[in-house]
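Only one structure is covered here, and it is reproduced in the block below.
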Amino acid sequence: MKEVIPMDYNSERIEKKWQDYWYSRDFFKAEDFGEKPKYYALVEFPYPSGTGMHVGHFRAYTSLEVVSRKRRMEGYNVLFPIGFDAFGLPTENYAMQRGVHPRKVTDQNIEIFTEQIKRTGFSFDFSRIVDTTDPDYYKWTQWIFLKMFEHGLAYRDKTKVNFCPDCRVVLSNEESQGGVCDRCGSTVEKKEKDVWFLRITKYAERLLEGLEELETLPRIKTEQENWIGKSEGAEILFPIEGANDKLKVFTTRSDTLFGVTFMVVAPEHPVLDKLEGKITNMDEIRSYRKKAEKKSEMERADETREKEGIRIEGVQALHPFTKARLPIFVADYVMMDYGTGAIMAVPGHDERDHAFAKKYGLGIKEVIAGGDVDKEAYTDVENGTLVNSFFLDGLFVKQAIEKMNERLKKEGLGGAVTSYKMKDWAFNRQRYWGEPIPIVHCEKCGMVGVKEEDLPIRLPDLERFAPNREGESPLANIESFVETTCPSCGGKARRETDTMPQWAGSSWYFLRYIDPGNDSELANYHKLKYWLGVDWYNGGMEHVTRHVIYSRFWHQFLYDIGVVPSREPFKKRTAQGLILGSDGDKMSKSKGNVVDPAEIIDTCGADTLRLYILFIGDYEQATPWNENGLKGCRRFLDKVWRLQEKAHAKKDDKEIETLLHKTIEAVDTDIEETKFNTAIAKLMTFANEAAKSEGITKDTFLTFLKLLNPFAPHIAEELNERLGHREPLVKSSWPEVDERLLEEERITIVFSVNGKVRDKREVQKDIGKDELEKMALENERVKKFIEGKTIVKVVVVPGRLVNVVAK
RNA sequence: GCCUGGGUGGCGGAAUUGGUAGACGCGUUGGACUUAAAAUCCAAUGGUAUGUCACAUACCGUGCCGGUUCGAGUCCGGCCCUAGGUACCA
């Protein structure tokens with residue numbers, strides 16, 4: 001190319017050109033068992049909604065797109081796949097409203113998404129696309145479920161669900177806020193239903209342990225730990241007077257057992273039904289139960305509200321050691337699904353219990369010395385020592401807990417247990433657009449898993465997607481689907497008609513990318529061994545607890561049954577923040593603040609969008625969209641385009657050379673630390689300096705283009721070609737830093753008096769401490785500010801500052 | 001309510017993790033170029049006050065109140081606001 005005057009930067013033409021070039025030559029295809037070191041970069045696959053891609057998707061993908069392009073330049077065999085999490089409610093609702101089959105809607109949406117992804121120049125391996133709604137895919141989702149069922153990890157149990165009597169559907173908490181159905185406004189009922197659960201609690205401890213191997217922000221770990229909610233405590237059995245039943249409580253403070261003055265059970269506690277005959281105020285309790293049922297868990301857990309309860313008349317518990325009679329209350333601040341659904345109340349040393357005791361005039365007993373328990377609960381567990389507690393007297397809390405737990409065990413009254421806040425995973429929906437649960441109900445054999453060779457259990461074609469009158473899935477209406485034979489005895493049987501939640505397909509999709517076409521196993525073991533674990537997994541902040549825990553659980557199970565070779569699926573997890581509308585609100589159609597990325601590509605180009613989406617702010621933080629910031633990124637690329645006119649110098653200035661290597665170093669580390677915004681800022685700084693200079697060498701410009709390439713690959717490739725290079729950047733190598741150029745000989749030292757900066761001086765780097773102190777004290781400006789004061793001390797921090805403290 | 005983040009100029013955000021607050025971008029103002037505009041380039045840009053007012057100086061300034069330290073945006077305690085999660089939204 002010998003153009004003297006470069007053409008204007010025509011992003012549209014350039015982007016089309018290079019996308020065709022890359023995609024037609026399969027540059028981004030990952031090679032199974034390739035010889036280069038492997039790198040698996042994973043982004044959360046999208047739900048292909050009808051509105052096309054959201055700018056949030058771009059923020060989520062561009063980060064690892066940059067990393068993937070950088071890794072290829074660094075010599076890795078990169079697997080950077082994409083797919084679609086396409087089961088789910090919105091599609092089904094759309095289908096119900098418009099009468100279009102979800103399959104058709106999904107296929108259309110996937111096509112739109114794929115086109116948009118390609119127009120952005122993302123370097124995904126498109127030969128590995130997975131779609132969770134494809135029977136070849138969900139066959140394996142069902143297969144995993146079957147294996148869990150075989151291993152006793154999938155079971156049915158009764159639970160209360162939100163049910164809308166008008167829409168005849170089970171609703172999520174989100175859909176039934178304030179006890180009102182989201183769609184029709186009628187009052188939501190609680191309905192008891194048989195639902196499927198996955199026994200994730202069995203993996204609680206391992207899910208906790210596995211976090212040690214996960215490289216991630218501490219906060220992401222903490223959030224998962226809190227979700228699992230491990231707490232070490234004890235179970236204690238309290239006999240019930242005049243009954244054979246015992247009340248089992250969970251407590252983390254078994255040391256305070258002698259301070260118990262009453263008991264509290266959850267409104268749902270089965271003991272209430274069992275003792276129905278003895279309880280004299282059952283009517284009152286029943287109406288309290290009804291009231292509690294209407295409240296959300298959040299309302300019930302509200303610690304600021306006044307705790308209320310009902311005293312159970314006619315029944316009392318007995319203290320396991322002293323045999324003292326203890327009144328029992330029903331109160332909705334005790335939850336049935338945490339611990340045992342019953343607590344022992346120690347008002348002397350628990351704030352909630354204290355408030356409750358005051359309200360109902362119950363006794364308060366001091367068992368830990370140090371406070372005034374009549375006034376407030378005394379909760380110091382570090383220094384408190386036990387009193388009024390027989391064999392525990394004089395012990396510290398920690399010792400007392402240990403001793404009490406041993407004693408409880410010895411006497412058959414309970415003992416140490418570990419409890420988890422995490423609940424088993426409700427794993428079914430009464431919907432059409434999900435994976436059918438591969439179970440058959442046989443009158444003789446009960447619940448039987450279908451035979452593996454009969455998988456997948458395909459979704460039948462439907463024309464109507466509304467649930468039936470009982471709130472069962474629409475599949476229940478299809479006789480040809482429901483009626484089947486028992487895989488075990490061959491007799492008449494009915495298929496399970498519930499489907500799986502959307503979490504199912506997304507719990508293992510990253511395994512399928514490794515071997516997407518396999519029809520004899522979910523993925524080949526050797527291929528899994530080559531590619532796993534996922535080196536870097538990025539997704540939404542909103543997924544760091546549930547989705548990540550769920551998929552780790554599935555992975556651990558698959559490891560246990562020998563299907564996958566690694567205990568943990570992910571090595572590193574990051575999370576991007578939300579992009580808000582330019583008004584600072586969450587983007588939503590109703591607010592009219594939605595930004596359409598396709599439009600941005602049309603007007604500014606994909607490279608500009610890619611740059612801006614990362615330059616917009618701190619990657620982990622939510623940030624508003626700003627049209628002007630976008631303009632700035634386009635201007636930057638225009639400037640880069642014009643730099644080609646400068647790239648004819650024979651030799652670089654020393655400053656440019658140093659700056660280039662500083663830039664290499666900074667861009668490199670910033671990318672690895674997800675500080676994409678500052679990486680781009682440093683590229684801008686370099687471009688500004690280069691533009692101001694007399695000229696830069698072609699080599700320097702090439703190095704700069706290589707740094708820019710992961711962010712804005714189209715323009716970088718084009719300029720690289722214009723420089724006369726045959727080798728495209730997609731095949732080139734990542735620049736290396738020349739450490740020698742980074743060392744500066746002269747540095748700026750700050751002189752301050754009482755912490756306030758008063759002067760600065762440039763000095764040799766290796767100047768001595770004493771000399772620095774001398775310089776500071778002789779400095780005119782420093783002198784001015786210490787005049788009339790006595791010097792108390794001088795703090796010298798070599799390489800940074802001298803602070804003179806004077807009074 | 002509970003768990004986890006965040007709060008820094010007019011705006012988005014930087015700050016080597018206790019050591020020069022405000023990098024980079026936007027916006028604004030002034031200037032250059034132009035018949036003109038756009039584009040581009042150059043310069044200024046946290047606030048207040050004072051003076052000898054194109055310059056200089058001082059004080060204040062990182063949500064609020066308090067603390068630790070020679071020194072705090074950064075650490076500690078309390079509070080306010082805000083975002084995500086809270087188990088059938090994904």
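Side-chain atoms are counted along with the backbone in the values below, which use heavy atoms only and exclude waters and symmetry mates. The structure displayed is predicted, hence computed values, not measured ones. So that the names make sense, note that chain A is the first sequence line, chain B the second, and so on, each numbered from 1.
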Please compare W227(A) and A681(A) by the position of their nearest nucleotide in RNA chain B and report the one closer to 5'. A681(A)
Salt bridge (charged side-chain N to carboxylate O under 4.0 Å, His left out) partners of residues 670-682 of chain A, not counting sequence neighbours, each pair once: K70(A)-E672(A), R71(A)-E672(A), D670(A)-K682(A), E673(A)-K675(A)
Per the salt bridge (charged side-chain N to carboxylate O under 4.0 Å, His left out) rule, what does the pair list look like for residues 631-640 of chain A, sequence neighbours excluded? R634(A)-D638(A)
Does F45(A) have any ring pair (Phe, Tyr, Trp, His ring centres under 6.0 Å) partners at least two apart in sequence or in another chain, and if so, which? Y509(A)
Go through [options] for me and flag the one nearest to the [X] side chain.
X       : options                   : answer
V195(A) : rA87(B), rG1(B), rC88(B)  : rC88(B)
V170(A) : rC88(B), rG19(B), rG85(B) : rC88(B)
E223(A) : rA83(B), rG84(B), rU40(B) : rG84(B)

Kindly write out the residues that satisfy salt bridge (Lys or Arg N to Asp or Glu O under 4.0 Å) with R610(A), not counting sequence neighbours, or none if the list is empty. E65(A)
All salt bridge (Lys or Arg N to Asp or Glu O under 4.0 Å) counterparts of R300(A), not counting sequence neighbours: E268(A)
Polar atom pairs (N or O), protein with nucleotides 25-29 of chain B, under 3.5 Å:
{"unit_1": "rG25(B)", "atom_1": "OP1", "unit_2": "N688(A)", "atom_2": "ND2", "d": "2.9"}
{"unit_1": "rC26(B)", "atom_1": "OP1", "unit_2": "R635(A)", "atom_2": "NH1", "d": "2.9"}
{"unit_1": "rC26(B)", "atom_1": "O2'", "unit_2": "N628(A)", "atom_2": "ND2", "d": "3.4"}
{"unit_1": "rG27(B)", "atom_1": "OP1", "unit_2": "K631(A)", "atom_2": "NZ", "d": "3.4"}
{"unit_1": "rG27(B)", "atom_1": "OP2", "unit_2": "R635(A)", "atom_2": "NH1", "d": "3.4"}

Selection: residues 665-679 of chain A, any non-hydrogen atom under 4.0 Å of RNA chain B: K675(A), N677(A), T678(A)
Nucleic acid contacts of residues 421-430 of chain A, taken as heavy-atom distances under 4.0 Å to RNA chain B: K421(A), M422(A), K423(A), A426(A), N428(A), R429(A), Q430(A)
Are the aromatic ring centres of F636(A) and F615(A) under 6.0 angstrom apart? no
Exam field: side chain D131(A) to backbone G83(A), donor-acceptor pair closer than 3.5 Å: no
Determine whether a donor-acceptor pair (N or O, by modelled atom type, separation under 3.5 Å) exists between the side chain of T497(A) and the backbone of S473(A). no
Scan nucleotides 60-65 of chain B against the protein and return all N/O pairs shorter than 3.5 Å with their distances rounded to 0.1 Å.
{"unit_1": "rC60(B)", "atom_1": "OP2", "unit_2": "K756(A)", "atom_2": "NZ", "d": "3.0"}

Just distance, no hydrogens or angles: give the donor-acceptor pairs under 3.5 Å from side chains in residues 781-788 of chain A, sequence neighbours left out.
{"unit_1": "R781(A)", "atom_1": "NE", "unit_2": "R758(A)", "atom_2": "O", "d": "2.9"}
{"unit_1": "R781(A)", "atom_1": "NH2", "unit_2": "R758(A)", "atom_2": "O", "d": "3.1"}

Any N/O pairs under 3.5 Å between the protein and nucleotides 66-70 of chain B? List them or say none.
{"unit_1": "rC70(B)", "atom_1": "O2'", "unit_2": "N803(A)", "atom_2": "ND2", "d": "3.4"}
{"unit_1": "rC70(B)", "atom_1": "O2", "unit_2": "N803(A)", "atom_2": "ND2", "d": "2.5"}

chi for rG9(B) classified (syn = within 90 degrees of 0, anti otherwise) as syn
Please give, in whole Å, the distance from rC88(B) P to I437(A) CD1? 13 Å
Taking CD from E299(A) and P from rU86(B), how many angstroms apart are they, rounded to a whole number? 17 Å
Reckon [X] touches a base, only the sugar-phosphate, or nothing at all at heavy-atom distances under 4.0 Å?
X       : answer
L801(A) : base
W625(A) : nothing
N162(A) : nothing

If a pair means Watson-Crick or G-U wobble with both distances below 3.5 Å, what does RNA chain B look like in dot-bracket form, with | marking bases paired to a different strand? (((((((..(((......[....)))((((((.......))))))((((((...))))))..(((((..]....))))))))))))....
